[in-house]
Asker: 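Handing you this structure, nothing more for now.
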Amino acid sequence: MLVTPGTPQVCTGLARNASVKVYVRTRPMLGGEEHQGATNILAVSSQYKKVVVEDGTEKKFTFDDVFEEHCSQDEVYMRAVEPLVTKVEENENATVFAYGQTGSGKTFTMGTSPCFAQDKNPSATQGDLTNTARSLTISIMEVYNETVYDLLAPSRIPLKTKAGPGGAVSVVGVQEEIVNSVEEGLLLLKKGSHLRSVGATAGNQHSSRSHAIIYLILKLVDLAGAEGVGRTQMSGRQFTEGVNINKGLLALSKVLAALSNPTAGYVPYRESVLTRLLKDSLGGNSHTAMIACVSPANFNVHETIKTLHYAEQARNIRTKPQILS
Ligand code: ADP
Ligand code: MG
């Protein structure tokens with residue numbers, strides 16, 4: 001997904017009406033799952049914005065919107081992302097992030113799959129950016145084993161982060177590429193996606209092992225999957241990755257829990273690199289869309305219910321507007 005141009009936000013000014021909207025996207029059954037005799041345990045109602053899990057008892061979850069398995073990328077963009085583009089054009093910040101178990105469709109949804117350039121449908125993204133008064137820059141980085149790497153830099157050097165006034169965390173020396181057309185933007189996205197660390201797990205052959213963060217004027221965040229360390233056979237390197245992925249996601253869930261609890265004073269942003277980088281996206285100066293991705297297969301029912309619970313909870317988040325210097 002690429003967005004129309006606007007003014008890059010450097011965390012200045014007072015955010016108005018900051019909000020978190022929570023969406024669920026269900027993907028189709030994959031060939032491999034069908035082959036293993038998986039059955040579909042999800043019923044999705046776009047009209048009532050509900051997802052129902054049928055695993056003996058019926059469990060109903062309600063969201064701001066839901067996308068059933070045949071929803072196109074364009075439709076997800078129009079319903080979940082386009083409203084944020086409008087906010088960015090009004091000089092406010094916006095973040096989109098995808099959450100869900102490995103193989104649930106996060107990378108597919110965020111367009112950060114290496115095959116993205118072949119399967120994209122760019123009708124929502126067309127346009128020449130050179131004639132607009134605003135400029136668009138892109139940075140693409142990944143958080144891998146608690147370290148930030150620049151995916152547009154010629155060599156793979158770890159980057160340092162620093163906390164600015166107001167607590168927003170920035171990455172020092174990350175490359176910012178100016179983008180003049182949608183094609184240029186897609187080329188950069190493809191370049192960054194290729195360099196992303198990809199390893200194979202039993203859960204998903206092309207499981208992304210890192211959290212990718214793309215700063216446009218909108219931030220798009222493609223989280224790594226919630227890995228069951230110990231559940232699958234992992235090499236030493238994969239084990240370390242799994243622990244670190246869990247560390248980022250555990251910290252993220254604690255931050256979301258604190259933000260959705262009006263009596264919790266302290267928000268533990270500092271517990272992982274991921275939450276430090278996302279602080280300004282979740283703490284109150286940003287409009288955030290969280291897209292929870294789920295698999296329809298009965299094998300995944302526990303992870304699916306966990307994801308839906310977590311996402312429904314996130315609807316309680318009331319971002320706290322704050323003045324940033
Ligand atoms: P994740 O990033 O959550 O681990 P992926 O995005 O890599 O998962 O998706 C896993 C597989 O499912 C991929 O083969 C992908 O092409 C397919 N897939 C995911 N979402 C969809 C969708 N909405 N429609 C069709 N195929 C999908
Ligand atoms: Mg992925």
Asker: Taking a hydrophobic cluster as the set of Ile, Leu, Val, Met, Phe, Trp and Tyr residues connected by side-chain heavy atoms closer than 4.5 Å, whether directly or through intermediates, do F67 and M78 fall within one such cluster?
Answerer: yes
Asker: D64 side chain to V22 main-chain N or O, any donor-acceptor pair under 3.5 Å?
Answerer: yes
Asker: Tell me, do Y48 and V66 make a side-chain contact under 4.5 Å, heavy atoms counted?
Answerer: no
Asker: So, T57 versus K59: side-chain donor-acceptor pair below 3.5 Å or not?
Answerer: yes
Asker: State, with a plain yes or no, whether a side-chain heavy atom of C71 is found less than 4.5 Å away from one of R79.
Answerer: yes
Asker: Answer yes or no: is there a side-chain heavy-atom contact under 4.5 Å between V51 and T304?
Answerer: no
Asker: For I178 and E184, work out which heavy atoms get closest and say how close.
Answerer: O-OE1, 3.7 Å
Asker: Could you grab the distance from atom CZ of R25 to atom OG1 of T109, nearest 0.5 Å is fine?
Answerer: 4.0 Å
Asker: Can you tell if the side chain of V52 reaches within under 4.5 Å of the side chain of L42, non-hydrogen atoms only?
Answerer: no
Asker: Rounded to the nearest 0.5 Å, what's the gap from CG on D65 to OG on S46? Could you check?
Answerer: 6.5 Å
Asker: When you compare the side chain of V85 with that of Y77, does any pair of heavy atoms fall below 4.5 Å?
Answerer: yes
Asker: Considering all heavy atoms of both residues, which atom of N300 and which atom of S295 are nearest to each other, and what is their separation?
Answerer: ND2-OG, 2.8 Å
Asker: Quick check for you: to the nearest 0.5 Å, what is the distance between T288 atom OG1 and K87 atom NZ?
Answerer: 12.5 Å
Asker: Is the closest side-chain heavy-atom distance between Q73 and F108 below 4.5 Å?
Answerer: yes
Asker: Identify the two heavy atoms, one from A251 and one from E271, that lie closest to each other, and give their separation to 0.1 Å.
Answerer: CB-CB, 4.0 Å
Asker: Does E312 come within less than 4.0 Å of R315, counting only side-chain N to carboxylate O?
Answerer: no
Asker: Rounded to the nearest 0.5 Å, what separates atom NZ in K162 from atom OG in S170?
Answerer: 5.0 Å
Asker: Which label fits F61 and H309: parallel for a plane angle under 30°, tilted from 30 to 60°, or perpendicular past 60°?
Answerer: perpendicular
Asker: For P296 and M29, work out which heavy atoms get closest and say how close.
Answerer: CG-N, 3.8 Å
Asker: Does the side chain of T275 reach to within under 4.5 Å of the side chain of K254, using non-hydrogen atoms?
Answerer: no
Asker: State, with a plain yes or no, whether a side-chain heavy atom of P158 is found less than 4.5 Å away from one of Y149.
Answerer: yes
Asker: Could you report the tightest heavy-atom contact between T161 and L277, atom names first, then the distance?
Answerer: CG2-CD2, 4.2 Å
Asker: As an exercise, state the distance from CE of M141 to CD of Q175, rounded to the nearest 0.5 Å.
Answerer: 11.0 Å
Asker: When you look at L252 and Y310, which way does the side-chain contact (heavy atoms from CB on, under 4.5 Å) test go after all the steps?
Answerer: CA-CA 11 Å; L252 182 61; Y310 182 75; 3.9 Å; yes
Asker: Would a single hydrophobic cluster contain both F299 and L308, if residues Ile, Leu, Val, Met, Phe, Trp and Tyr are joined by side-chain heavy-atom contacts under 4.5 Å?
Answerer: no
Asker: Given V174, which of L151, V148, I140, D150 fulfils the side chain to side chain contact (heavy atoms under 4.5 Å, CB included) condition?
Answerer: D150
Asker: How many angstroms lie between atom CD1 of I291 and atom NZ of K21, to the nearest 0.5 angstrom?
Answerer: 13.5 Å
Asker: Answer yes when R156 and E142 have at least one side-chain N-carboxylate O distance shorter than 4.0 Å, and no when they do not.
Answerer: yes
Asker: Specify the closest pair of heavy atoms between M290 and A311, including all atoms of both residues, with the distance to one decimal.
Answerer: CE-CA, 4.0 Å
Asker: Decide, yes or no, whether a salt bridge links R27 with E33 under the criterion of side-chain N to carboxylate O below 4.0 Å.
Answerer: yes
